[in-house]
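Just below is one structure, and these are the notes that go with it.
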Amino acid sequence: MEQKPYHHGNLRNTLIEAGIVLLNEQGEEHFSLRKVSAKCGVSHAAPYSHFENKEALLEAMKEYVTKQFTQVLQKTVQQYQNDVDIMFYLGNAYISFFVENKQYYTFLYGKSGIKFDLTENGILNNGYPPCNIFKKAAFDYMEKINFPKQKRLDALIAMLALVHGIVGILTTEQLIYQGEWKHLLENCISANALFEKYILKQKKGENI
């Protein structure tokens with residue numbers, strides 16, 4: 001990977017970004033401050049002005065990605081909180097964040113140790129901040145439209161399964177998709193609604 005030049009003052013973020021790439025490539029077992037500094041083209045001592053040790057850098061990497069992810073979702077909720085399509089916009093923001101930063105997806109869900117709590121007890125408390133934002137927006141919306149309470153957790157999981165699945169397709173090299181991803185969520189929702197319609201007709205014995 002080509003090394004990115006850095007200017008005085010942003011070495012910390014350069015080390016973090018390089019650390020994310022390195023961790024994705026080699027795993028934590030082979031991860032070290034020495035290797036990160038080499039990837040950035042700086043002296044082996046340079047990272048220690050920002051991070052006490054490898055563990056401090058790993059924690060900073062998680063906080064760095066989490067902060068950006070949280071801000072993207074918060075901004076979307078603030079912009080569309082009164083819009084009937086808020087969950088569509090939030091889903092697209094979720095997808096867009098990882099499509100534009102594919103290295104974050106691999107790191108966050110495979111290397112960082114974060115927990116996306118979808119249990120009853122974890123719906124709004126003690127969870128991962130971006131998870132809480134998504135969950136709260138979903139439950140607020142379902143409350144607004146009087147969606148059946150006993151089905152709300154299932155609906156939330158269905159929403160996340162869709163956006164998370166799309167992100168997986170768009171960020172996994174072994175999965176090839178050549179369409180315009182910005183319309184993929186809308187197309188999937190429409191196709192699913194049509195599919196359910198056809199299934200219902202078939203169950204009723206109607207001609208399709």
Pairwise side-chain contact, V72 with Y94, heavy-atom cut-off 4.5 Å (strictly under): no

Non-hydrogen side-chain atoms of F31 and L22 separated by less than 4.5 Å: yes

Y104-E17 side chain donor-acceptor pair, cut-off 3.5 Å: yes

Atom CD of E55: over 12 foreign heavy atoms under 6.0 Å: yes

Beyond-backbone contact of R12 with I16, side-chain heavy atoms, under 4.5 angstrom: yes

Spacing of CG belonging to L156 relative to CZ belonging to F139, to within rounding of 0.5 Å: 5.0 Å

Value rounded to 0.5 Å, distance of CZ in F88 from CD in E186: 4.5 Å

K144 versus N82, closest heavy-atom pair with distance: NZ-O, 4.2 Å

Contact summary for F98 and T171, nearest pair of heavy atoms: O-CG2, 3.7 Å

Inter-residue atom distance S37.OG - F51.CZ, 0.5 Å rounding: 12.0 Å

Shortest non-hydrogen separation from L185 to G91 and the atoms involved: CD2-C, 3.8 Å

M87 CE to N92 CG distance, which is reported to the nearest 0.5 Å: 11.5 Å

Approximate separation, where rounding is to 0.5 Å, of Q150 CD and L153 CG: 12.0 Å

Near-ring test H164/Y105, centroid separation under 6.0 angstrom: yes

Heavy-atom check, side chain of K149 versus side chain of M142, under 4.5 Å: no

Main-chain N/O of I114 paired to K62 side chain as donor or acceptor, under 3.5 Å: no

Smallest separation among heavy atoms of K54 and E28, with atom names: NZ-O, 3.8 Å

Any L162 side-chain heavy atom under 4.5 Å of C188 side chain: yes

Test item: Y141 side-chain N/O and D85 main-chain N/O as donor-acceptor pair under 3.5 Å: no

Side-chain donor or acceptor of S49 paired with backbone N/O of A46 under 3.5 Å: yes

Non-hydrogen side-chain atoms of V99 and V167 separated by less than 4.5 Å: no

Beyond-backbone contact of V77 with F134, side-chain heavy atoms, under 4.5 angstrom: no

Smallest separation among heavy atoms of K111 and G27, with atom names: NZ-CA, 4.4 Å

Y128 and F69 aromatic ring geometry - parallel, tilted or perpendicular at 30°/60° bounds: tilted

Spatial distance of atom OH (Y177) from atom CG (L170) [nearest 0.5 Å]: 7.5 Å

Centroid-centroid distance, F107 to Y64, less than 6.0 Å: no

Shortest non-hydrogen contact between L23 and L58, atoms and distance: CD2-CD2, 4.0 Å

Cluster overlap I95 with L175, hydrophobic side-chain contacts below 4.5 Å: yes

Pair K39 + E25: basic N to acidic O under 4.0 Å: yes

I145 atom CD1, over 12 foreign heavy atoms within 6.0 Å: yes

